[in-house]
Amino acid sequence: MTSRNVHGVTVECVRGDIADQPDMDAVVNAANAELRIGGGVAGAIHRAAGSGLEEECRPLAPIRPGQAVITGAHDLPNRHVIHCLGPVYGSDEPADELLASCYRNALSLAEQNGLRSVAFPAISAGVFGYPIEPAAEIALRTVIEEAERLSGVGHVRFVLFGEGDFEVFDRTLRKLAGAGD
Ligand code: ADP
């Protein structure tokens with residue numbers, strides 16, 4: 001685990017499962033446009049949350065790339081799920097701006113809802129095909145840029161499923177936020 005304090009916000013990277021983050025107010029879903037159960041993150045979150053999540057999502061869909069919406073967490077051990085639709089790499093353009101918008105809009109919803117902690121997966125870096133290095137750079141750079149403006153959110157965690165993805169996020173956080181201790 002790597003952790004840095006950026007403008008009073010703890011930004012950290014851990015290896016783990018986004019559906020098993022009981023100490024966080026919200027977890028972020030790497031959603032599909034229809035906000036339905038899917039593979040990867042959307043599968044793990046919907047399975048753990050139960051069918052009530054899909055029911056709550058139905059009237060909110062479809063969403064556009066870069067957009068974020070918030071729901072309850074149902075059977076997940078969190079208060080809310082924030083659903084982001086990342087860009088499909090090579091198809092939704094400009095991909096870097098759309099990916100940054102996901103993180104920015106998710107943090108903005110967390111602030112509006114009085115949440116203190118948010119856990120993100122590596123949005124778009126799975127089925128949507130975003131290469132992990134630029135995906136990590138955009139994710140971390142956007143959160144670090146936003147940190148100064150956050151007043152309620154004090155803890156942002158990136159939860160990486162694979163060791164390789166974790167290593168890239170870990171290295172990128174050290175590069176962007178300093179070597180630390
Ligand atoms: P997208 O469709 O936005 O690409 P995916 O869910 O396919 O989203 O994958 C996003 C990233 O999340 C990938 O790096 C994938 O390895 C990772 N991932 C898959 N399942 C989980 C999980 N349960 N917890 C955290 N990360 C996960």
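Residues: numbered from 1 along the sequence shown. Whatever order the structure lists them in is the order used to number ligands and atoms, beginning at 1. Computation of the quantities below employed the complete heavy-atom set of this structure, encompassing side-chain atoms and omitting hydrogens, waters and symmetry-equivalent molecules.
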Candidate with minimal heavy-atom separation from atom 16 (O) of ligand 1, of Ile18, Val41, Asp165
Asp165
Does any non-hydrogen side-chain atom of Leu60 lie less than 4.5 Å from one of Leu35?
yes
Under 3.5 Å between some N or O of ligand 1 and some N or O of Leu160?
no
Are the side chains of His80 and Asp25 in touch, meaning some heavy atoms are under 4.5 Å apart?
no
Do Asp165 and Phe158 come within less than 4.5 Å of each other through their side chains, counting heavy atoms only?
no
When you compare the side chain of Met24 with that of Val159, does any pair of heavy atoms fall below 4.5 Å?
no
Within the structure, does Ala19 bring an N/O atom to less than 3.5 angstrom of an N/O atom in ligand 1?
no
Sub-4.0 Å atoms of ligand 1 with respect to non-hydrogen atoms of Ala44:
23 (N)
Of all the non-hydrogen atoms in the protein, which one sits nearest to atom 26 (N) of ligand 1, and at what distance?
Phe161 CB, 3.5 Å
For Gly126, the ligand 1 atoms whose distance to one of its heavy atoms is below 4.0 Å
4 (O), 5 (P), 7 (O), 9 (O), 10 (C), 13 (C)
Would you say the side-chain atoms of Glu34 pair up with the backbone N or O of Ala61, donor to acceptor, closer than 3.5 Å?
no
Return the residue, atom name and 0.1 Å-rounded distance of the protein heavy atom closest to atom 8 (O) of ligand 1.
Ala30 CB, 3.5 Å
Ser124: heavy atom below 4.0 Å from ligand 1, yes or no?
yes
Would you mind running through ligand 1 and noting each atom that sits below 4.0 Å from a heavy atom of Asp17?
22 (C), 23 (N), 24 (N)
State if Ala122 counts as touching ligand 1 under the rule of any non-hydrogen atom under 4.0 Å.
yes
Going by atom types alone, do Gln112 and Ser108 pair a side-chain donor with an acceptor below 3.5 Å?
yes
Is the shortest heavy-atom distance from the side chain of Ser117 to the side chain of Arg157 under 4.5 Å?
no
Among side-chain atoms of Glu56 and His74, is any donor-acceptor pair under 3.5 angstrom?
yes
protein heavy-atom neighbour closest to atom 7 (O) of ligand 1 works out as Val127 N, 2.9 Å
